[in-house]
> 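After the structure tokens below, expect a handful of questions from me.
Note that these values count all heavy atoms, side chains included, but never hydrogens, waters or copies made by symmetry.
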2 protein chains.
Amino acid sequence: MNDRGNAAKSQWVKTLAHGGPLRCGTVVTPLNNCMNAMDTASFKLDDRLPRYHQLRDDLLSRIAAGEWTPTQAIATEAELGQFYNVSTGTVRKAIDLLVADGVLTRSQGRGTFIRRPRFDSSLFRFFRFKSRDGQPVRPTARVLKREIVKPSAEIRAALKMKATEKAIHLSRVRLIEGQAVLSEEIWLPRARFEPLATLPLDDFEDLLYPLYERLCRQIVASATEILRVEQATPDDASVLGLATGSPVILVHRVASDFAGTPFEWRSTRGAATTFQYQVEIR
Amino acid sequence: MNDRGNAAKSQWVKTLAHGGPLRCGTVVTPLNNCMNAMDTASFKLDDRLPRYHQLRDDLLSRIAAGEWTPTQAIATEAELGQFYNVSTGTVRKAIDLLVADGVLTRSQGRGTFIRRPRFDSSLFRFFRFKSRDGQPVRPTARVLKREIVKPSAEIRAALKMKATEKAIHLSRVRLIEGQAVLSEEIWLPRARFEPLATLPLDDFEDLLYPLYERLCRQIVASATEILRVEQATPDDASVLGLATGSPVILVHRVASDFAGTPFEWRSTRGAATTFQYQVEIR
DNA sequence: CAGTGGTCTAGACCACGGT
DNA sequence: CCGTGGTCTAGACCACTGC
């Protein structure tokens, strides 16, 4: 049996000319196999946009609604073409857009999948960490502190939180061979991350995003990072083993879900001497 | 009259099935209107690649050979389809690749054009410059020194220069309201940039790339930049008006032509306090 | 108004992955 | 072996640009 949903084969609204509205049939079974039925009422698309663009937007909202998981193939091109009553070429173009946005990846012979952003080594993008023998290494992590607090106005604004809402604040260090190389402050809206409010600190893993996904069903879809250079405060200095006032790179990240809603605020500090960044300009 | 070349309408090598080799007809007039005729011998394409990929590669080599200028539309999709004996869909896909690479831009109703990379504000990408009243400003530039020298081994390697070849070395400062904010060292292979070896220093403009294009017919197609943090040397400090040892951002750039051949090596230093960089991760 | 790229269709066949 | 996405075709019509 297939791991996909079966596209409905019921009534289709016929649309012919270019520029006509994008419609989909009334749905008997949804496009996936794990959600309840949705009807056409959920579409509020701008008819002035090309069909493939409307299709892209609708697919994205389905993805944001959790209609498919990253391990599951989304509906096939043929199914989508039937469902939306457009040709497969138009479906391909819509999917192309989402692939270009980093939302989907195609896999020939297997299907099309939701893609997580490659934070692979977000750290390696900025910091060159090597062990004593010169091999690149991924730092381990330790959560030093967790508190449930009212966030500052800045963080509340960045995370679009209500005035009364509380946040989970984590203080973390990342270590290489026992030596702290990065210090991190993380803020999460409590409502979305309740399981992390009580998780024993020792159960936090080196990578938080898999934890978000497993325990809180929150998938990071994209993030914005801003880099600056600062001088080490006495606190930074003692955590990172630097001289007070020595240059420190500050990486400031806001991570969002597929709907574009920000749900993690994070700042990372590391010695500027370990910093390097490469950009291609075209 | 059209600003394009007229595609030849002579013999076409017929290729039918997918995977067949990409061929073009023997050329009577070339694809543009400013170069001499080229024949099919100039194609050494890998038949294992999809046609649109071979087409992309051939177009890129034509662009690198200067077959079109950035102000001129390249051959139309229909012409290219006829010339290479492929459907316009395949041409579109090849052009899509080059657009994604930043090599071409399309303009509906006008044509498809060679695109220069947007260094718009390469500086603004990294440094936040503001005048006294808080408005963002573009620094002016002054060339302090020019010498014709044997480049260091590092620079010779980066620019793939022959052992005997000489380089033009420029030392520049960039100023805001008379205050030096960036110091730059630039190396160029002399052979490609002969006109700059004798140009009076006062005739150098704030932006060098338009100068490269106008005087030396060298178009920057792409560049790689590497950022690091250093401490100001006494020289840096006196040029930039900083304290010796204060943090400085070093931006190290190698710029290349459309064929991927590097032809400019540049390092830029500025106070780390004016630095900021933003990245989107997907 | 002619010519460009942009959108869209309805197919065909190929290459790959898993059963 | 079947089903997936990948390549490619040969059109049609639309939207924009510039003469």
> Among D:dT9, C:dG5, D:dG6, which nucleotide has an atom closest to any side-chain atom of B:R51?
D:dT9
> Start at the 5' end of DNA chain D and walk down; is the nucleotide closest to B:T88 or to B:K93 reached first?
B:K93
> Send over the distance from A:F113 CZ to D:dT4 P, rounded to a whole Å.
11 Å
> Got a sec: does the CZ of B:R214 have more than 12 other heavy atoms crowding it under 6.0 Å?
yes
> Over how many whole Å does the gap from B:Y84 atom OH to D:dA10 atom C1' extend?
21 Å
> Between B:E264 and B:Y212, does a side-chain hydrogen bond (donor to acceptor under 3.5 Å, both in side chains) hold up when you go through it step by step?
CA-CA 10 Å; B:E264 185 206 49; B:Y212 295 173; 2.7 Å; yes
> Would you mind telling me which of C:dT9, C:dG5, C:dC16 lies closest to the side-chain atoms of A:T90?
C:dT9
> Picking from C:dG5, C:dC8, D:dG5, which would you name as closest to the side chain of A:Y52?
C:dC8
> Would B:D101 and B:R56 pass as an ion pair if we require N to O under 4.0 Å?
yes
> Applying the side-chain hydrogen bond (donor to acceptor under 3.5 Å, both in side chains) criterion to B:E225, which one of B:R253, B:H252, B:R266 satisfies it?
B:R253
> Taking for each residue the nucleotide of DNA chain C with the nearest heavy atom, is it A:S107 or A:H53 whose nucleotide lies nearer the 5' end?
A:H53
> Rounded to the nearest angstrom, tell me the gap between atom CG in A:D96 and atom P in C:dG6.
15 Å
> Out of D:dG5, C:dG5, D:dT9, which nucleotide sits closest to the side chain of B:V86?
D:dT9
> Of the nucleotides C:dG5, C:dG18, C:dA10, which one has an atom closest to the side chain of A:S87?
C:dA10
> Nearest to the side chain of A:R110 - C:dG17, D:dC8, C:dG5?
C:dG17
> Out of D:dG6, C:dT7, D:dC8, which has the shortest distance to the side chain of A:R106?
D:dG6
